[in-house]
Amino acid sequence: MSNIKTLLLAVLSGRIFAPVMQHDCQPYLDSGELEIVFPNLESQMWGIYLYRPYQTITPKRVLVVFEILERLLKMHSEQ
């Protein structure tokens with residue numbers, strides 16, 4: 001069982017309240033099983049990061065793929 005599943009089980013059982021990413025608990029928010037504790041507190045959206053481990057010699061095809069991914073992610077995040 002993953003940590004988020006364990007955390008959600010504890011929250012759903014009423015033993016704790018915890019900061020959980022909205023996309024992880026959205027079904028429970030929709031059904032009314034969970035509610036947002038501080039609705040007036042603005043939640044910060046996480047950014048999108050593209051990571052490529054540094055290598056001394058990187059093939060051109062790898063650089064091209066990462067450049068394409070970077071452009072696509074920038075276009076998507078600006079919408």
Side-chain angles (χ1 to χ4, degrees):
M1 186 176 293
S2 73
N3 288 339
I4 188 62
K5 288 182 182 179
T6 304
L7 182 66
L8 276 172
L9 285 174
V11 170
L12 288 167
S13 72
R15 291 184 286 151
I16 64 170
F17 76 96
V20 180
M21 299 285 289
Q22 188 165 344
H23 68 271
D24 289 326
C25 63
Q26 190 63 51
Y28 305 105
L29 292 169
D30 293 342
S31 71
E33 291 177 79
L34 291 180
E35 63 181 76
I36 297 174
V37 178
F38 300 111
N40 297 328
L41 193 64
E42 183 179 330
S43 63
Q44 182 179 356
M45 295 298 291
W46 288 19
I48 297 173
Y49 299 93
L50 179 62
Y51 173 76
R52 179 180 58 82
Y54 176 78
Q55 295 177 345
T56 310
I57 299 174
T58 304
K60 180 69 175 168
R61 67 182 181 277
V62 172
L63 294 174
V64 169
V65 167
F66 272 85
E67 288 169 4
I68 292 169
L69 284 171
E70 181 181 17
R71 278 197 307 268
L72 289 172
L73 289 171
K74 280 182 180 177
M75 286 177 16
H76 178 72
S77 68
E78 292 170 355
Q79 293 178 353

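Note that this is a predicted model, so its numbers are computed, not measured.
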Throw together a table of side-chain donor-acceptor distances under 3.5 angstrom for residues 23-34, partners on residues two or more places apart or in other chains.
from: Q26; atom 1: OE1; to: Q22; atom 2: NE2; distance (Å): 2.9
from: Q26; atom 1: NE2; to: D30; atom 2: OD1; distance (Å): 2.7
from: S31; atom 1: OG; to: P27; atom 2: O; distance (Å): 3.4
from: S31; atom 1: OG; to: Y28; atom 2: O; distance (Å): 3.2
from: S31; atom 1: OG; to: E33; atom 2: N; distance (Å): 3.4
from: S31; atom 1: OG; to: E33; atom 2: OE2; distance (Å): 3.0

With a cut-off of 3.5 Å and sequence neighbours excluded, list every side-chain donor-acceptor pair involving residues 7-19.
from: S13; atom 1: OG; to: L9; atom 2: O; distance (Å): 3.4
from: S13; atom 1: OG; to: A10; atom 2: O; distance (Å): 2.8
from: S13; atom 1: OG; to: R15; atom 2: NE; distance (Å): 3.0

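Contacts classified as salt bridge (Lys or Arg N to Asp or Glu O under 4.0 Å) and involving residues 60-70 (residues at least two apart or in different chains) are given here: E70-K74.
Between R52 and V62 the shortest side-chain heavy-atom distance falls below 4.5 Å.
What you find for Y51 and F66 is that their closest heavy atoms are O-CE2, 3.5 Å.
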